[in-house]
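So the structure is just underneath, and the comments pick up after that.
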Amino acid sequence: MATIEISCVEVWREISNYLDEDISPAVRERMEAHFKVCGHCTAVLDGTRNVVGLVGDGRVFQMPEGFSKRLHERLQKLP
Amino acid sequence: MSMTQPQWRGNETELIKSVCGGDREAFYELIRPYERMIYATAMSVVKNSADAEEVAQEAVLKALSNLAGFRAESKFSTWLIQITYNEAKMKLRKAHAHLYESIDDQQQSKEGDFWPRDFADWQPIPSELLEQNEIRQALQDAINSLGRIYREVLVLRDVQHLSIKETTIILGISEATVKTRHHRARLLLRDCLAPGFDGCWVKGQAYRRVRPW
């Protein structure tokens, strides 16, 4: 059976759901067919996946130096 | 690595009991695995590290005084995030009290489809590069450049790895709104990071903007 085509705008609308695998198999199939032929949408998908992976790494939010120590001291000062 | 599931979990229930029985050091043990999570939540609202640290300390003190009211049916991490988020919003409200415009939840999500600004195909940035300050700073700046309604959802969903349901509870918005804002936040962030932190993500390859129209 032929896959029904999907436009770039429709692909962008679903990219986040696609990454979260929160999407119907039919839409997934259409998007995958689209990515095979559309370099721009593939670039958006890859870039978004990369960015999501990077921010998901706990290292992005580095606590300021001495954060834990100051917090501990504040707790110890409590009456 | 998920901030909401620290490797060391100890026995939270036991620690909570000890704290409620007056053991202050047990509270520090209880809170320690969540420090970064608390800090990141505060940062997602107030955007600068000095304010975020102040918010984090206030939130921890509030958690201590309200610990007896914590009910085990909710996750301790979600409860802490909720306290921190409320504390951060209060801080923001105080800081902006003199302004006419409200900083509260009246920011509207943009309606309609998101069109990426840029279609540059960059080399994937390996996570090892996060060891470098400048890469972390570039990501932090990009996250800070998002509007607050997008930044908050992005931090709760993609940084803290909370579920959609948990995010709806903390932010007090619907599931559909969480999804729309999350989607836009991710695509905005990608657009923002397309040029890299110095106009060149991968050594020797200068960034070239790609716009098909």
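Here the structure is a predicted model, which is why all the values come from computation and not from measurement. By convention in this document, chain letters (A, B, ...) are assigned in the order of the sequence lines, proteins followed by strands, and residues within each chain are numbered from 1.
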Between the side chain of B/H182 and the main-chain N/O of A/N17, is any donor-acceptor distance below 3.5 Å? no

Do the side chain of B/R186 and the main chain of A/S16 share a donor and acceptor less than 3.5 angstrom apart? yes

With heavy-atom distances below 4.5 Å as the criterion, would you say the side chains of B/L64 and A/L78 are in contact? yes

B/L193 vs A/L54 side-chain heavy atoms within contact, under 4.5 Å: no

Work out which heavy atom in B/S127 is nearest to a heavy atom in A/D57; give both atom names and the distance. CB-OD2, 4.0 Å

Would you mind checking which part of A/R49 comes under 4.5 Å of any heavy atom in chain B, side chain (CB onward), backbone (N, CA, C, O), both or neither? neither

For residues 136-147 of chain B, pull every pair meeting side-chain hydrogen bond (donor to acceptor under 3.5 Å, both in side chains), keeping only residues two or more places apart or in separate chains. B/N133-B/R136, B/Q137-B/D141

Is the closest side-chain heavy-atom distance between A/W12 and B/F114 below 4.5 Å? no

Going by the rule side chain to side chain contact (heavy atoms under 4.5 Å, CB included), which residues pair with B/T13 if we only count those two or more places apart in sequence or in a different chain? B/N11

Heavy-atom nearest pair, B/E53 first then A/P64, reads OE1-CG, 3.8 Å

Could you tell me the separation between the NE2 atom of A/H72 and the CZ atom of B/R32, rounded to the nearest 0.5 Å? 8.0 Å

Going through the checks in order, is the side chain to side chain contact (heavy atoms under 4.5 Å, CB included) test met by A/R74 and B/V60? CA-CA 10 Å; A/R74 180 105 191 250; B/V60 166; over 6 Å; no

Under 4.5 Å from any heavy atom of chain B - which part of A/Q62: both

Quick one: which of A/V44, A/D46, A/V52, A/I15 has the most heavy-atom pairs under 4.5 Å with chain B, could you say? A/V44

Residue, of A/G47, A/C8, A/C41, that accumulates the most heavy atom pairs under 4.5 Å with chain B: A/G47

